[in-house]
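Read through the structure below, which is laid out as structure tokens, and then see the notes.
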Amino acid sequence: MADTPMLKFVSLEQAYPAKRPASERTDDFGEISPSYAVTGAEEQASRCSQCGVPYCSTHCPLHNHIPDWLRLTAEGRLREAYELSNATSTMPEICGRICPQDRLCEGNCVIEFAGHGAVTIGSVEKFITDTAWKEGWVEPLRPVRDRSAQSVGVIGAGPAGLTAAELMRRQGYEVHVYDRHDRAGGLLTYGIPGFKLEKHVVMRRVDRLKEGGVVFHESFEVGKDATLAELRQRHDALVIATGVYKPRAIKAPGVGAPGVVEALDYLTASNRKGFGDAVAAFDDGTLDAAGKNVVVIGGGDTAMDCVRTAIRQGASSVKCLYRRDRANMPGSQREVNNAEEEGVEFVWLSAPEAFDGTETVAGVRVAKMRLGAPDASGRRAPEADPGSEFRLEADLVIKALGFDAEDLPHLFGSPDLSVTRWGTLRVDHKTMQTSVDGVFAAGDIVRGASLVVWAVRDGRDVAERMHAYLKAKAVPTQAAAA
Ligand SMILES: Cc1cc2nc3c(=O)[nH]c(=O)nc-3n(C[C@H](O)[C@H](O)[C@H](O)COP(=O)(O)OP(=O)(O)OC[C@H]3O[C@@H](n4cnc5c(N)ncnc54)[C@H](O)[C@@H]3O)c2cc1C
Ligand code: SF4
């Protein structure tokens, strides 16, 4: 590799795009780091050692061609880099922003293991696709041929549904997307805050699908506005990509008090305000952390997003209670660091025992925990440490303990829809079909709460399976054209 610009990891230090200072970034909901400048991206890409067996790629759920587009970036061939990264992902700039790279590609980069600091893969991915949008290289969505005699219904406009919709439309099918929210994007729009993912980045993807002929039915709730069977009648195939939305409960006295709220209600209200919407429960103060002592309960991505949102809303204090320690939390360490820089206090090894207050919540009584033997997930199980209770002042408590599947067979009026013991949809893993013929499923509603990149992967896989199913069903003249 005599004339290669690569393998610079020995002489060139790892450099992520600089974060804005915490005191500045907590004044707004904008992303915390700007993109690289061109030279920064090219230099950082040139640190890659072009591994024969690229662990970055094997640990990426999409198996993105990471070393290849890093090399193209280092060579200044940005358009080709974009095209290659776009070939395996429907939303590389979104994954570049919010994938937990420290657990996926970057966490498995050989340079990281060698002690040089991983190649900054996510930041380069974000840079090349943002550049493609700026330069007009992102092509409109165009069907490769006309298969519009057959139509597909997609229930849920999150990353799994949007990916399936894009790829099926590209195949030429008529595609209809149904979502109970008034805007598409799923948790990209209403869950994840703007400081991780600015909303115009999501909306330009949705607009591209609309302009490409995908028909969106917003504020359409399956189960209320139509049953599953009715939609099945309208379309030749359906995919259910409704995510998981039943919040896990806390069983503790006082948990029903006003001021103890659900994480997703809180985050959705904040994201809606970012769009400029009127939100009664925010505007009357219920879901606004301004001037309050806030306690967030949980240690995952959702909890991290809540604490950092509360800081930006001007809370007096923000504490995060988590029953395990830092090393055993499910959320990304990168997010914990960001939160700490912004003024969040983590109270590790603590669990709520009761909520007190008369009219509204006034405090949380907390038990100290200690870690016992590892549980089924491999993480050490917490157990209460008797006699160690203490109290925290709180005017707003946000419950962020994770989500389970809603009861879809009941909600959709479809008792024949088979579910697992966790309530997620049971699918045949080869065909990705549910127990109902022609009804497929993808994303969190199959996996349980997971990641955006896995939803994209499922959307890609389900589109391939639906295409095969529809080709087999097509009338002979269409099948011949396929
Ligand atoms: C607060 C929060 C932060 C997160 N942060 C990250 C992160 O930083 N990185 C990461 O990789 N992952 C993150 N995740 C996880 C990630 O957002 C999900 O794994 C991903 O969005 C799942 O995609 P999906 O398409 O399966 O479902 P969703 O994104 O949940 O979309 C499902 C859609 O279905 C719609 N729907 C549901 N029921 C119906 C119905 N009956 N009728 C019509 N429409 C319906 C919903 O309105 C929604 O729009 C986060 C999750 C949360 C909650
Ligand atoms: S593992 Fe790291 S060094 Fe190896 S190809 Fe991937 S990014 Fe490059």
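In each ligand, atom 1 is the first atom listed, and ligand 1 is the first ligand listed.
Of the polar atoms of C99, none of the N or O atoms is found under 3.5 Å from an N or O of ligand 1, judged by distance alone. Between S450 and ligand 1, at least one pair of N/O atoms sits closer than 3.5 Å. For the pair Y245 and ligand 1, the shortest N or O to N or O distance falls below 3.5 Å. When only interatomic distances are considered, the shortest N/O to N/O separation between A442 and ligand 1 does not fall below 3.5 Å. Between G191 and ligand 1, not a single N/O pair is under 3.5 Å apart.
Annotation for ligand 2: atoms under 4.0 Å from non-hydrogen atoms of I121 are 7 (S). Atoms of ligand 1 found under 4.0 Å from any heavy atom of G243 (numbered from 1 in listed order, with element): 27 (O), 30 (O), 32 (C). Close contacts of ligand 2 with L70, meaning ligand atoms under 4.0 Å from a residue heavy atom, involve 7 (S). Atoms of ligand 1 found under 4.0 Å from any heavy atom of G443, numbered from 1 in the order shown, are 26 (O). Which parts of ligand 1 touch F220 is read off a 4.0 Å heavy-atom cut-off, strictly below it: atoms 42 (N), 43 (C). Of all atoms in ligand 1, listed by their number and element, those nearer than 4.0 Å to a heavy atom of L451 are 10 (C), 11 (O), 12 (N), 19 (O). Every atom of ligand 1 with a heavy atom of G186 under 4.0 Å away is listed here by number and element: 29 (O), 31 (O), 48 (C), 49 (O). Within the listing of ligand 1, atoms 32 (C), 33 (C), 34 (O) sit less than 4.0 angstrom from a heavy atom of A241. Per-residue contacts place I111 under 4.0 angstrom from the following atoms of ligand 2 (heavy atoms of the residue considered): 3 (S). Counting the atoms of ligand 1 from 1 in the order shown, those under 4.0 Å from a heavy atom of E221 are 41 (N), 42 (N). The distance from ligand 2 to the heavy atoms of P67 drops below 4.0 Å at these ligand atoms: 5 (S). The atoms of ligand 1 that sit less than 4.0 Å from any heavy atom of F403 are 53 (C).
A donor and an acceptor atom, one from each side chain of Q313 and Y266, are located under 3.5 Å apart. In the model, N64 has a side-chain atom that pairs as donor or acceptor with a side-chain atom of T88 under 3.5 Å. In this structure, a donor-acceptor pair under 3.5 Å is present between the side chains of S332 and D102. In this structure, a donor-acceptor pair under 3.5 Å is absent between the side chains of Y36 and D130. When only modelled atom types and interatomic distance are considered, H235 and S151 share a side-chain donor-acceptor pair under 3.5 Å.
Distance from atom 51 (C) of ligand 1 to its nearest protein heavy atom, with residue and atom name: L187 CD1, 3.9 Å. The single protein non-hydrogen atom nearest to atom 26 (O) of ligand 1 is D444 N, 2.9 Å, given as residue, atom name and distance. Taking atom 2 (Fe) of ligand 2 as the reference point, the nearest protein heavy-atom neighbour is C109 SG, 2.4 Å. Of the protein's non-hydrogen atoms, T242 O, 3.2 Å is the one closest to atom 37 (C) of ligand 1. Nearest non-hydrogen protein atom to atom 9 (N) of ligand 1 is I98 O, 2.8 Å. Of the protein's heavy atoms, C51 SG, 2.3 Å lies nearest to atom 4 (Fe) of ligand 2. Distance from atom 8 (Fe) of ligand 2 to its nearest protein heavy atom, with residue and atom name: C48 SG, 2.4 Å. Regarding atom 8 (O) of ligand 1, its nearest protein heavy-atom neighbour is K196 NZ, 2.8 Å. Of all protein heavy atoms, the one closest to atom 38 (N) of ligand 1 is R180 CZ, 3.3 Å. Scanning all protein heavy atoms for the shortest distance to atom 52 (C) of ligand 1 gives T302 OG1, 3.6 Å. If you check which protein heavy atom lies closest to atom 1 (C) of ligand 1, you get L267 CD1, 3.4 Å. Closest to atom 3 (S) of ligand 2 among all protein heavy atoms lies S49 N, 3.3 Å.
Comparing G223, G158, A226, P159 against atom 23 (O) of ligand 1, the shortest heavy-atom distance belongs to P159. Between D182, D305, D179, it is D179 that holds the heavy atom closest to atom 47 (O) of ligand 1. Taking only non-hydrogen atoms, the option from L188, V456, V222 nearest to atom 42 (N) of ligand 1 is V222. Looking at P61, G156, G459, A455 and measuring to atom 34 (O) of ligand 1, the nearest heavy atom belongs to G156.
Heavy atoms from other residues, nucleotides or ligands lying under 6.0 Å from OH of Y469 number more than 12.
Annotation: cation-pi pair R248/F403 absent, no NZ/CZ under 6.0 Å from the ring centroid and within 45° of its normal. Cation-pi check for R180 over Y245 is met; the charged atom lies under 6.0 angstrom from the ring centroid and within 45 degrees of its normal. R312 forms a cation-pi arrangement with F195, by the criterion of a distance under 6.0 Å to the ring centre and an angle within 45° of the ring axis. A cation-pi geometry, defined here as NZ or CZ lying under 6.0 Å from the six-membered ring centre and within 45° of its normal, does not hold between K199 and F275.
Both the backbone and the side chain of V110 come within contact range of ligand 2, each with a heavy atom under 4.0 Å.
Put simply, C56 gets within reach of atom 6 (Fe) of ligand 2, with an N, O or S atom under 2.8 Å from it.
You'll find the side chain of W133 reaches within 4.5 Å of the side chain of E93, heavy atoms only.
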Working for salt bridge (charged side-chain N to carboxylate O under 4.0 Å, His left out), residues K273 and D277: CA-CA 5 Å; K273 290 312 291 179; D277 296 352; over 6 Å; no
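Here the straight-line distance linking atom NZ of K319 with atom CZ of F346 works out to 12.5 Å at 0.5 Å rounding. A distance of 9.5 Å separates CG of D236 from CD of E174, quoted to the nearest 0.5 Å. To the nearest 0.5 Å, atoms CD1 (I66) and SG (C51) are separated by 11.0 Å.
Look at E31 and R97 and you find a salt bridge, because one of the NZ, NE, NH1 or NH2 atoms lies within 4.0 Å of a carboxylate O, short of that distance. A salt bridge links R170 to E166: one of the charged nitrogens lies within less than 4.0 Å of a carboxylate oxygen. Using a 4.0 Å cut-off between charged nitrogen and carboxylate oxygen, E198 and K126 do not count as a salt-bridge pair.
The one candidate from R25, R334, R308 that meets the salt bridge (charged side-chain N to carboxylate O under 4.0 Å, His left out) condition with E341 is R25.
Note on ligand 1: F412 sits in its first shell, one or more heavy atoms being nearer than 4.0 Å. Not a single heavy atom of Y190 lies less than 4.0 angstrom from ligand 1.
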N/O donor to acceptor pairs below 3.5 angstrom from side-chain atoms of residues 415-426, sequence neighbours left out:
| from | atom 1 | to | atom 2 | distance (Å) |
| --- | --- | --- | --- | --- |
| D416 | OD1 | S414 | OG | 2.8 |
| S418 | OG | R426 | NE | 3.2 |
| T420 | OG1 | W422 | N | 3.2 |
| T420 | OG1 | T424 | N | 3.4 |
| T420 | OG1 | T424 | O | 3.4 |
| T420 | OG1 | T424 | OG1 | 2.6 |
| R426 | NH2 | V419 | O | 3.1 |

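In this structure, F220 and H217 have perpendicular ring planes: the angle between them is above 60°, well past the 30° mark.
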